[in-house]
Amino acid sequence: MRPDRLSQALSLLGIAGYVYFLWFRPNQEGLALALGLALGGAAVAYGERPFLVPLFAVLYGGILFLQLFYGHPWAFLLGGLLGAGLPYALYRLRKPRR
């Protein structure tokens, strides 16, 4: 699997998780995790090299700031770490050695 496809899949999984935890099984920690997963997966784009997408990075930072005072920051951080970290780890593992 390519890192850009994994990043897109994690973002879509985060959106599906958000809908699930909002409508079918209301849970604030699950909402924070799903939102972090969606934004973390969208914050880094993969082309020739990974680069940060400013819109999603600013959204992630703003929501993290709000989560620190009014929500569940650890679940949001875990989602963001998974969303941004898994595709980046795959990119590093697939990167050709020089």
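In this chain, numbering begins with 1 at the start of the sequence shown. Hydrogens, waters and symmetry mates play no part in the numbers below; they use all other heavy atoms, side chains included.
- Every residue meeting the salt bridge (Lys or Arg N to Asp or Glu O under 4.0 Å) condition with Arg2, not counting sequence neighbours, appears here in chain and number order: Asp4.
- When hydrophobic residues (I, L, V, M, F, W, Y) are linked wherever their side-chain heavy atoms come within less than 4.5 Å, the members clustered with Leu82 are Met1, Leu6, Leu10, Leu13, Leu33, Leu37, Leu78, Leu86, Leu90.
- Both Trp23 and Phe21 belong to a common hydrophobic cluster when Ile, Leu, Val, Met, Phe, Trp and Tyr are linked at side-chain heavy-atom distances under 4.5 angstrom.
- In terms of modelled atom types and a separation under 3.5 Å, the side chain of Ser7 and the main chain of Pro3 share no donor-acceptor contact.
- In plain terms, the two heavy atoms of Phe56 and Leu39 that are nearest each other are CD2-CD2, 4.0 Å.
- Within the 4.5 Å cutoff, the side chain of Trp74 has heavy atoms near those of the Leu77 side chain.
- Tyr88 and Val53 fall into different hydrophobic clusters, where Ile, Leu, Val, Met, Phe, Trp and Tyr side chains are chained together by heavy-atom contacts under 4.5 Å.
- Note on ring orientation: taking the six-membered ring where Trp is involved, the planes of Phe69 and Phe65 are perpendicular (angle over 60°, cut-offs 30° and 60°).
- In this structure, CZ on Phe24 lies 9.5 Å from CG on Leu22, to the nearest 0.5 angstrom.
- Here the straight-line distance linking atom CD of Glu29 with atom NE2 of His72 works out to 4.0 Å at 0.5 Å rounding.
- Note: Tyr46 and Tyr91 have tilted aromatic rings, judged against thresholds of 30 and 60 degrees for the angle between ring planes.
- Placement of Leu66 and Phe76 in two distinct hydrophobic clusters is found when ILVMFWY residues are connected by side-chain heavy-atom separations under 4.5 Å, directly or transitively.
- Side chains of Phe51 and Val44 form no contact here, defined as non-hydrogen atoms less than 4.5 Å apart.
- Nearest heavy-atom pair, Ala38 versus Ser11, reported as atom, atom and distance to 0.1 Å: O-OG, 3.3 Å.
- The two residues Ala32 and Gln67 come nearest to each other via the heavy atoms CB-OE1, 4.0 Å.
- Across every non-hydrogen atom of Ala34 and Gly17, the tightest pair is CB-C, 3.6 Å.
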